[in-house]
Amino acid sequence: MECGEILIDELAGDFDLQSTVESGQSYLWDRPDGQMYTESDVHGGTAWYETVVSPIHGVTEEPAVVRVRQHHDRLEWESTTDAVSILTHILRLDDDLDAIERAVPADPMITRAFDRYPGMRLVRDPAFPSLISFICSAQMRVSRIHGMQRSLRETYGMAVEMDGQTYYAYPTPESIAARTEAELRGLSLGYRAPYIQRTAEMVAGGEADPRDAASLPYEDAREYLTQFVGVGEKVADCVLLFSLGFTEPVPLDTWIQTAIADYYPDCACGSYAETSRSIRDRFGGKYAGYVQTYVFHHLRNGGE
DNA sequence: TATCCAAGGTAAGTT
DNA sequence: AACTTACCTTGGATA
């Protein structure tokens, strides 16, 4: 096991581990204390978070266990390998959050959301796990989406040992493609089971790869992802925002739709594409997805 | 204790 | 292209 730390002061802008990991962007982390999504306040506290990072081209070549916790001014990590570049990548520690906050519109709602969660960052999840996570997200509660990913890992994922503990990597496209719809329904995935199976088959068979969307212009990338079964415009936006490095998508989920109706009614203009474009402009364009994530987390936790 | 409802939507069928 | 409808499951609310 290797270990080390990352100093928050050396980043461009603040960082808060809890809000970053528990804000419904990523469903690939666990809290061994079992307090995920319980709103137990560990702001700047010391709860451990752990994940097994799937291979990311240029960052890890094989599954790596990563555990991390935040002390007030630093991140303490333990891993099967050097985790600095991994954490920098998947938690976007290389974003200049100060510059992003300055670039965001000084709208009252946006300001309240940013003030409430200082240091919250976008995540950059591995592509296939992110794609499956958000296929699972349809008509589901955040805590259950998380539970589904854990079931998938523990049932079909490769075991990885660290320090006498067993962790499970996210299943590969091949391992999910080899399951039947009935087997997957056994994990309480409901009508998402065939979507997940068929999408995994498309990736495993080389028919399409979600990572290929990363090099396309934003709206073309969204269109590309909708070829996967169970992926519509909203899920496609989530994958572009939380995995593929785009910062401008504003996924139009129920919370953002409500926000549009209540606070930005003139942005509600028909089709998904048009409304999306309109609210994206209102949220400042380039970093509109960052704004969406703050507003989503703020509203979901009772803000107004 | 039983019933009802809604949860980060999408696919397939109609008009 | 825009508009309906069915879809699995379950935790939490309501009676």
Side-chain angles (χ1 to χ4, degrees), chain A residues 19-29 34-39 113 117 120 122-123 125 129-152 155 179-202 210 219 222-243 246 249-262 268-277 279-280 283 288-303:
Chain A
S19 58
T20 299
V21 174
E22 297 197 45
S23 51
Q25 307 181 55
S26 175
Y27 298 96
L28 307 178
W29 290 85
Q35 299 300 301
M36 201 77 170
Y37 306 120
T38 59
E39 297 184 42
Y117 299 108
M120 183 166 77
L122 284 178
V123 299
D125 276 343
S130 179
L131 182 64
I132 300 299
S133 295
F134 283 98
I135 289 173
C136 289
S137 75
Q139 296 292 107
M140 268 302 138
R141 282 178 178 68
V142 165
S143 61
R144 278 205 64 210
I145 302 165
H146 180 254
M148 288 172 166
Q149 309 319 306
R150 196 171 49 202
S151 297
L152 284 167
T155 310
R179 294 1 295 180
T180 63
E181 174 184 334
E183 281 180 275
L184 293 172
R185 279 183 184 264
L187 297 187
S188 299
L189 300 173
Y191 60 76
R192 302 155 197 80
Y195 299 167
I196 292 164
Q197 197 278 333
R198 291 173 60 193
T199 287
E201 220 163 42
M202 291 173 73
E219 293 197 349
R222 184 172 67 192
E223 180 64 24
Y224 179 87
L225 290 181
T226 60
Q227 74 181 291
F228 294 106
V229 186
V231 179
E233 292 171 300
K234 186 270 172 186
V235 167
D237 268 340
C238 287
V239 175
L240 295 177
L241 183 61
F242 303 133
S243 173
F246 290 79
V250 179
L252 299 183
D253 57 66
T254 52
W255 292 94
I256 295 300
Q257 301 270 25
T258 301
I260 290 172
D262 292 350
C269 45
S271 73
Y272 185 100
E274 290 173 63
T275 304
S276 174
R277 211 169 292 144
I279 192 69
R280 187 160 68 251
F283 282 178
Y290 245 104
V291 174
Q292 183 273 357
T293 295
Y294 275 88
V295 170
F296 173 84
H297 194 48
H298 175 62
L299 292 177
R300 215 174 69 79
N301 287 317

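Letters go in sequence order (proteins before strands), and every chain restarts at 1.
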With a 3.5 Å cut-off and just heavy-atom distances, do the side chain of A/Y191 and the base of B/dG9 make a donor-acceptor pair? yes

Kindly say whether, by distance alone, the side chain of A/R192 makes a donor-acceptor pair under 3.5 Å with the base of C/dC8? yes

Between A/T226 and A/M140, which has a closest nucleotide on DNA chain B that is more 5'? A/M140

Need to verify one output field. Residue with the more 5' nearest nucleotide on DNA chain B, A/C238 or A/G230? A/C238

Residue pair A/E22 / A/V142, side-chain heavy-atom distance below 4.5 Å: no

Go through the steps to decide whether A/Q292 and A/D237 satisfy the test side chain to side chain contact (heavy atoms under 4.5 Å, CB included), and finish with yes or no. CA-CA 11 Å; A/Q292 183 273 357; A/D237 268 340; over 6 Å; no

Is the distance between the ring centroids of A/F134 and A/Y27 under 6.0 Å? yes

Which whole-number value in Å describes the distance from [X] [atom1] to [N] [atom2]?
X	N	atom1	atom2	value
A/I135	B/dA11	CD1	C1'	13 Å
A/H146	C/dT9	NE2	P	22 Å
A/I145	C/dC8	CD1	P	18 Å
A/L189	C/dC8	CG	P	12 Å
A/L252	B/dG9	CG	P	11 Å
A/L131	B/dG9	CG	P	16 Å
A/Q139	B/dT10	CD	P	10 Å
A/Y37	B/dA7	OH	P	17 Å

Counting the atoms with a prime plus P, OP1 and OP2 as sugar-phosphate, which does [X] contact under 4.0 Å by heavy atoms, base, sugar-phosphate, or nothing?
X	value
A/S23	base
A/Q257	nothing
A/Q25	base
A/Y272	nothing

Nearest-0.5 Å distance that lies between atom OG in A/S188 and atom CE in A/M148: 7.5 Å

So, A/H146 side chain and A/W29 main chain: donor-acceptor pair closer than 3.5 Å or not? yes

Within the distance-only criterion (no hydrogens, no angle test), does the side chain of A/R300 pair as donor or acceptor with the backbone N or O of A/W255 below 3.5 angstrom? no

Say we look at C/dC8 and B/dG13: how far apart would their P atoms be, to the nearest angstrom? 14 Å

Could you work out the separation of C/dG11 and B/dT10 based on their P atoms and round it to a whole Å? 24 Å

Counting side-chain heavy atoms from C-beta on, which of B/dA12, B/dA6, B/dG9 comes nearest to A/R141? B/dA6

Can you tell which of C/dC8, B/dA12, B/dT10 lies closest to the side chain of A/V235? B/dT10

Tell me whether the OP1 or OP2 atom of C/dT10 has a side-chain N or O from A/S188 closer than 4.0 Å. yes

Is there a Watson-Crick or G-U wobble partner for C/dC8 with both distances under 3.5 Å, and if so, which one is it? none

